[in-house]
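A quick note: this is a predicted structure, and the numbers were derived from the prediction, not measured. One-based numbering along the sequence shown.
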Amino acid sequence: MAITLEEAQENLRVWLEAERSIANAQSYTISNRSLTKANLSEVAKRITYWQNKVAELEMIRNGKRIRRTKQFIPRDC
């Protein structure tokens with residue numbers, strides 16, 4: 001099942017909200033119990049993923065070609 005541009009945009013919005021929420025209160029303690037919400041670096045990775053996915057789907061929608069660059073090392077055999 002393919003992801004639509006609208007779904008990708010919604011997922012990006014959700015992850016951006018999660019980042020904002022985490023930034024406001026990463027962890028807290030009540031009495032002797034403490035809670036840490038989430039790993040901010042993992043959230044940042046998901047935001048980057050969804051930003052790239054949105055950009056890719058927007059390019060496809062606009063009829064532009066997606067360029068994929070591959071790295072290679074030439075060798076003499």
Salt bridge (charged side-chain N to carboxylate O under 4.0 Å, His left out) with Arg33: which residues, sequence neighbours excluded?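 For Arg33 there are no salt bridge (charged side-chain N to carboxylate O under 4.0 Å, His left out) partners, ignoring immediate neighbours.
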
Can you tell me how far the [atom1] atom of [X] sits from the [atom2] atom of [Y], to the nearest 0.5 Å?
X	Y	atom1	atom2	answer
Arg46	Leu12	CZ	CG	11.0 Å
Glu58	Lys64	CD	NZ	10.0 Å
Glu10	Arg13	CD	CZ	4.0 Å
Ile47	Asn11	CD1	CG	12.0 Å

Main-chain N/O of Ala44 paired to Thr48 side chain as donor or acceptor, under 3.5 Å: yes

Under the 3.5 angstrom rule, does the side chain of Glu42 hit a backbone N or O of Asn39 as a donor-acceptor pair?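 Between the backbone of Asn39 and the side chain of Glu42 there is no qualifying donor-acceptor contact (under 3.5 Å).
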
Salt-bridge test for Arg61 and Glu6: reply yes if a basic N is under 4.0 Å from a carboxylate O, no otherwise. yes

SB check Glu17 Arg20 (cutoff 4.0 Å):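 No, this pair does not count.
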
Co-membership, hydrophobic cluster, residues Trp15 and Leu40, 4.5 Å side-chain: yes

Atom of Ala8, atom of Leu57 and distance for their closest heavy-atom approach: CB-CD1, 3.8 Å

Residue pair Tyr49, Val54: steps toward the side-chain contact (heavy atoms from CB on, under 4.5 Å) verdict: CA-CA 9 Å; Tyr49 170 82; Val54 166; over 6 Å; no

Any heavy-atom pair between the side chains of Glu56 and Asn52 that's under 4.5 Å? no

